[in-house]
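Input: a single structure, listed below in structure tokens.
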Protein chains: 2
Amino acid sequence: MIRAAVELFAERGFEQTTAGDIAERAGVTERTFFRHFADKREVLFDGSKTMERTAYDAILAAPADLSPLDAALAGMVAGASLLEGRRDHAVRRSGIIAANPSLQERELLKLAAMADTAAEALRTRGVAEPTASLAAHSAVTVFQVGFARWLSTEVSVEEPPDVATCLAQAAAALRALT
Amino acid sequence: MIRAAVELFAERGFEQTTAGDIAERAGVTERTFFRHFADKREVLFDGSKTMERTAYDAILAAPADLSPLDAALAGMVAGASLLEGRRDHAVRRSGIIAANPSLQERELLKLAAMADTAAEALRTRGVAEPTASLAAHSAVTVFQVGFARWLSTEVSVEEPPDVATCLAQAAAALRALT
DNA sequence: CACGTCATGTCAGTAGCTGTCATCACTACA
DNA sequence: TGTAGTGATGACAGCTACTGACATGACGTG
């Protein structure tokens, strides 16, 4: 169903695709579609929970002497690494989301959830508020900026971009702010 | 209509209130409601455009020797100042939004729009990417954290909290991250 | 072979939202 | 004063996202 949805969204656009269309191409009923996905948008955000947990675990597993921001960033790198081998898919998905405000909303909600989870992990590490929230949000911002850069770099210049490298660059730019 | 909507959302909750209910209490038709608001959620985000523009103008008007982050923060303070005298309303609105994920999505979209606008203002000031985006997003994060703190401080302790003060505290905590 | 349970199909219904046309107030201008 | 244009609203039909309820069939377990 995910594959069917991505295909259709890419062909006709998100709004022009009905839930029935996706179900039909996937060979199931519309009702069945809504039993697997809470709503039509959710079909594009299947792996978000996994990424969230991965980041959470990585933050807890980070060396104890890391600063809150560095620990949160380690979580982001771990989460982003999950997509390392699937750049083409990520690019197409990103294009679909960029073309539709309601999908952007959903993406922002997922990122906010990741920030909340990261803050929770930092608190478990003993970081107090509002430092935990600020570090988590900052790390997610770095994730956004670095990830976008990773997606936008041309592959034609045969220099295979690395997610972790892009995030590190964004992190460096963030530190330069103060 | 905005007043009618806020009342009903507070009484029965967002999902339990239909667009027809709001329209009826406001003395208009459901169709008329949707002519004024793009969707049911939008009724809670009426002033967001104004705040966005205020922040944009303030960033452009900020002293030229301010750092990107400080200029962006000046914009946030200017935007937040619009709500200075309406804390009670902001608190009630915040409670409604916190109780509904789809409203949180919309709020995140508005904040992202503010971040984009702030980044645009910074670029106009001559700030390059990705510094502009990072500074803008960081400033919005400070806005979120500081604003939440402003809303959560008890009024009973007769110490009238100041929006700008709350934002300044959050900004200080952000700087302490690095 | 009987039984539970789990995924799916079917059907009816609600609500968010949109297009279209008619109506009505208000304004401008002859 | 009359008339034409403009903008807001009401009325109505229609589509689609999503949900609840019930029936059916596959499958593993005893």
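Naming convention: chains lettered A, B, ... in sequence-line order (proteins, then strands); numbering from 1 in each chain.
Other residues, nucleotides and ligands place more than 12 heavy atoms under 6.0 Å from the CZ atom of A:Arg25. Residue A:Glu42 places its CD atom among more than 12 non-hydrogen atoms of other residues, nucleotides or ligands, all under 6.0 Å distant. Residue-environment remark: CZ (B:Arg175) exceeds the threshold of 12 foreign heavy atoms within 6.0 Å.
Expressed to the nearest 0.5 Å, how far CZ of B:Phe14 lies from CG of B:Leu44 amounts to 7.0 Å. Taken to the nearest 0.5 Å, the CD atom of B:Gln144 stands 4.5 Å off from the NE2 atom of A:His137.
Looking at B:Lys49 and B:Glu52, a side-chain N of the basic residue comes within less than 4.0 Å of a carboxylate O on the acidic one, giving a salt bridge.
One interatomic measurement links the two molecules: CZ of A:Phe37 to C1' of D:dA17, which rounds to 16 Å at whole-angstrom precision. Separating the CD atom of B:Glu42 from the C1' atom of C:dC17 is a distance of 14 Å, rounded to the nearest angstrom. Rounded to an integer number of Å, the gap from CD of B:Glu105 to P of C:dG16 is 16 Å. Atom CD in B:Glu30 sits roughly 14 Å away from atom P in D:dC12 (whole-Å rounding). Atom CZ in B:Phe33 sits roughly 15 Å away from atom P in C:dA15 (whole-Å rounding). For B:Met1 and D:dA8, the CE to P distance is 13 Å, given to the nearest whole Å. Across the protein-nucleic acid pair, B:Asp39 atom CG and D:dC18 atom P stand 13 Å apart, rounded to whole Å.
Both B:Val28 and A:Ala38 lie near DNA chain D, and the one whose nearest nucleotide falls closer to the 5' end is B:Val28.
Between the side chain of B:Arg35 and the base of D:dG7 there is no donor-acceptor pair of N/O atoms closer than 3.5 Å. Side-chain to base pairing of A:Arg31 with D:dG20: one donor and one acceptor N or O lie within less than 3.5 Å of each other.
Side-chain N/O atoms of A:His36 include none lying less than 4.0 angstrom from OP1 or OP2 on C:dA7. Contact annotation: A:Thr32 reaches the phosphate of C:dG9 (side-chain N/O to OP1 or OP2, under 4.0 Å).
When only modelled atom types and interatomic distance are considered, A:Asp21 and A:Thr18 share a side-chain donor-acceptor pair under 3.5 Å.
Looking at residues 11-26 of chain B, you'll see B:Thr17, B:Thr18, B:Ala19 sit with a heavy atom under 4.0 Å from some atom of DNA chain C.
Here C:dC17 is the nucleotide among C:dT8, D:dC18, C:dC17 with the atom lying nearest to any side-chain atom of B:Lys40.
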